[in-house]
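Each chain gets a letter, A, B and so on, in the order the sequences are listed, and its residues count up from 1. Treat the numbers as computed from the prediction; the structure is a model and nothing was measured.
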Number of protein chains: 2
Amino acid sequence: MTIAEANEFRALCDRAGIAVTHQRQVIYQVLSGMHGHPSPEEVYGRVKVRIPAISLATVYKNIHVFIESGIFCTVSLHHGSLRVETNHSPHHHLVCTGCRSITDIAAGDLGLPVKAHKLRGGFLAQRYAVDVLGLCPECQKSVS
Amino acid sequence: MTIAEANEFRALCDRAGIAVTHQRQVIYQVLSGMHGHPSPEEVYGRVKVRIPAISLATVYKNIHVFIESGIFCTVSLHHGSLRVETNHSPHHHLVCTGCRSITDIAAGDLGLPVKAHKLRGGFLAQRYAVDVLGLCPECQKSVS
DNA sequence: TTGACAAACGATAATAATTATCGTTTACTA
DNA sequence: TAGTAAACGATAATTATTATCGTTTGTCAA
Ligand SMILES: [Mn+2]
Ligand SMILES: [Mn+2]
Ligand SMILES: [Zn+2]
Ligand SMILES: [Zn+2]
């Protein structure tokens, strides 16, 4: 890694209020160089090439640190367990990143198609699932 | 349950090509009577009141059967494990319900706000995460 | 009705993902 | 450079989910 890259990472950690460690930097670089939507295991696999002694737990911990710091984000919120939708009317979700609550909002508001149709590229869109990520009124109080 | 309800459920199972069992019907009724986005454990808790001997595995199996049959659906696709987003430009996802593949699509196409703003109701929207659920070109071939 | 057969069930073992614990090492700050 | 908190590695524990398997039940044709 270049001096510039190292300084950039140092600044990044400074802003996030976290320490600059070798493991953290390698995980960051590996993630930055990956495409798509890797799982923690995949990240671990790549990091291990550079730091054979690294622990899987360290990879998990740092991924969470990056996500909490807004340096990376996740693909569609992970609710820990499967959740069944009991509301059969077309709607979407307000997902609070503070308390993890999920609230329904009517679909009409977002003006997305309801009928199945084909997108350019050939993908057959059957349903739109929109998560509006943010903070509920309660959690806005706690952060301010 | 009324005769009408029982017949309705029988017809539902007929269409889905699955057997009408007592457990299945109770799970269906409990789910239909629940609000929000219950986890399998929560469903299990309620079903056990009516069928104390039921197995958690049966609840899981039937939830999956209902989802495969389109009788219920899930809240935001569950990818089995945490996934890190490596694409930092604003975009959304085409999620294939056939092969579970996740493909990026540019955000511009959907015309959703990019800046944080407050919705009526007080929720502070910071980011929109749109999953377009459907079938990729490959999987469309397999089903047809 | 009834019997054969497949589907579904319950119990529980197994697996996969994630988190917690804890003793050791390392980075940050004065 | 020393003190302290943060981070690390190893690994145990937890949680969610799935697989296995022997038993029971629903379906359907006779
Ligand atoms: Mn909902
Ligand atoms: Mn993406
Ligand atoms: Zn909240
Ligand atoms: Zn597909």
Side-chain angles (χ1 to χ4, degrees), chain A residues 6-7 9-30 37-45 47-69 71-72 74-84 100, chain B residues 6-7 9-30 37-45 47-69 71-72 74-84 100:
Chain A
N7 285 338
F9 183 70
R10 190 164 289 275
L12 206 69
C13 290
D14 225 44
R15 250 174 280 136
I18 57 179
V20 177
T21 68
H22 180 219
Q23 291 87 341
R24 185 161 287 161
Q25 178 152 8
V26 171
I27 294 168
Y28 174 79
Q29 288 183 326
V30 163
H37 312 98
S39 65
E41 286 284 349
E42 288 180 86
V43 178
Y44 177 56
V47 170
K48 237 186 338 191
V49 174
R50 292 223 242 156
I51 310 176
I54 200 168
S55 166
L56 175 60
T58 299
V59 173
Y60 266 98
K61 277 182 279 197
N62 278 291
I63 287 175
H64 285 307
V65 165
F66 289 146
I67 289 168
E68 281 155 29
S69 310
I71 296 170
F72 283 95
T74 67
V75 178
S76 77
L77 231 8
H78 199 247
H79 300 112
S81 67
L82 174 70
R83 299 304 185 87
V84 185
R100 308 232 131 196
Chain B
N7 285 338
F9 183 70
R10 190 164 290 274
L12 207 69
C13 290
D14 226 45
R15 251 174 280 136
I18 56 178
V20 177
T21 70
H22 181 217
Q23 291 88 339
R24 185 160 286 160
Q25 176 149 11
V26 170
I27 294 168
Y28 173 79
Q29 289 183 324
V30 163
H37 312 99
S39 65
E41 284 285 350
E42 288 178 86
V43 177
Y44 177 57
V47 170
K48 237 185 340 190
V49 175
R50 290 223 243 155
I51 311 177
I54 201 168
S55 165
L56 175 60
T58 300
V59 173
Y60 267 97
K61 279 182 279 197
N62 277 292
I63 286 175
H64 285 307
V65 165
F66 290 147
I67 289 168
E68 282 156 29
S69 309
I71 295 169
F72 283 95
T74 67
V75 177
S76 78
L77 233 6
H78 200 245
H79 300 112
S81 67
L82 175 68
R83 299 304 184 87
V84 184
R100 306 230 132 199

Any [X] side-chain heavy atom under 4.5 Å of [Y] side chain:
X       : Y       : result
A:Leu56 : A:Glu41 : yes
A:Phe9  : A:Cys13 : yes
B:Leu82 : A:His64 : yes
B:Val47 : B:Thr58 : no

Please report the distance, rounded to the nearest Å, between [atom1] in [X] and [atom2] in [N].
X       : N      : atom1 : atom2 : value
B:Lys61 : C:dA7  : NZ    : P     : 14 Å
B:Tyr44 : C:dC9  : OH    : C1'   : 13 Å
A:Tyr60 : D:dA10 : OH    : P     : 17 Å
A:Ile63 : C:dT18 : CD1   : C1'   : 11 Å
B:Lys48 : C:dG10 : NZ    : P     : 12 Å
B:Glu41 : D:dT18 : CD    : P     : 13 Å
A:Phe66 : D:dA7  : CZ    : P     : 11 Å

Query raised in the report: In residues 50-58 of chain A, which ones come under 4.0 Å of DNA chain D, going by heavy atoms?
Result: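 The stretch gives A:Ala53, A:Ile54, A:Ser55, A:Ala57, A:Thr58 as the residues lying under 4.0 Å from the strand, ordered by number.
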Query raised in the report: Quick one: what's the B/S/- string for nucleotides 24-30 of chain D, heavy-atom cutoff under 4.0 Å, read 5' to 3'?
Result: --SS---
Query raised in the report: Looking at D:dA7, D:dG9, D:dT17, which one has an atom nearest to any side-chain atom of A:Ser81?
Result: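 Within the option list, the nearest is D:dT17.
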Report task. Among the candidates D:dA16, D:dG9, C:dT18, find the nucleotide nearest to the side-chain atoms of B:Leu82. Result ->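 Comparing D:dA16, D:dG9, C:dT18 against the side chain of B:Leu82, the answer is C:dT18.
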Report summary line: Hits for side-chain hydrogen bond (donor to acceptor under 3.5 Å, both in side chains) against B:Arg50, two or more places apart or cross-chain, chain-then-number order -> B:Gln29
Query - Residue list, side-chain hydrogen bond (donor to acceptor under 3.5 Å, both in side chains) with B:Glu42, at least two apart or on another chain - result: B:Ser39
Requested in this report: May I ask you to evaluate whether B:His64 reaches the phosphate of D:dT18, defined as a side-chain N or O under 4.0 Å from OP1 or OP2?
Outcome: yes
Requested in this report: Determine: side-chain N/O of A:Gln23 to OP1/OP2 of D:dG9, distance under 4.0 Å, yes or no.
Outcome: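 Yes.
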Report task. Go through the steps to decide whether A:Arg83 and A:Ser81 satisfy the test side chain to side chain contact (heavy atoms under 4.5 Å, CB included), and finish with yes or no. Result -> CA-CA 6 Å; A:Arg83 299 304 185 87; A:Ser81 67; 3.5 Å; yes
Requested in this report: Five pairs at each end of the helix from C:dT1-D:dA30 to C:dA30-D:dT1: take the axis at both ends and give me the angle between them to 10°.
Outcome: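 Computed from the C1' atoms at both ends, the axes differ by 50°.
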Output a table of donor-acceptor pairs, distance under 3.5 Å, between side-chain atoms of residues 18-26 of chain A and any protein atom two or more places apart or on a different chain; print 'none' if there are none.
{"residue": "A:Thr21", "atom": "OG1", "partner": "A:Arg24", "partner atom": "N", "Å": "3.1"}
{"residue": "A:Arg24", "atom": "NE", "partner": "A:Asn62", "partner atom": "OD1", "Å": "2.6"}
{"residue": "A:Arg24", "atom": "NH1", "partner": "A:Ala19", "partner atom": "O", "Å": "2.8"}
{"residue": "A:Arg24", "atom": "NH2", "partner": "A:Asn62", "partner atom": "OD1", "Å": "3.2"}

Requested in this report: Anything under 30° is parallel, anything over 60° is perpendicular, the rest tilted; go ahead and classify A:Tyr28 against A:Phe66.
Outcome: perpendicular
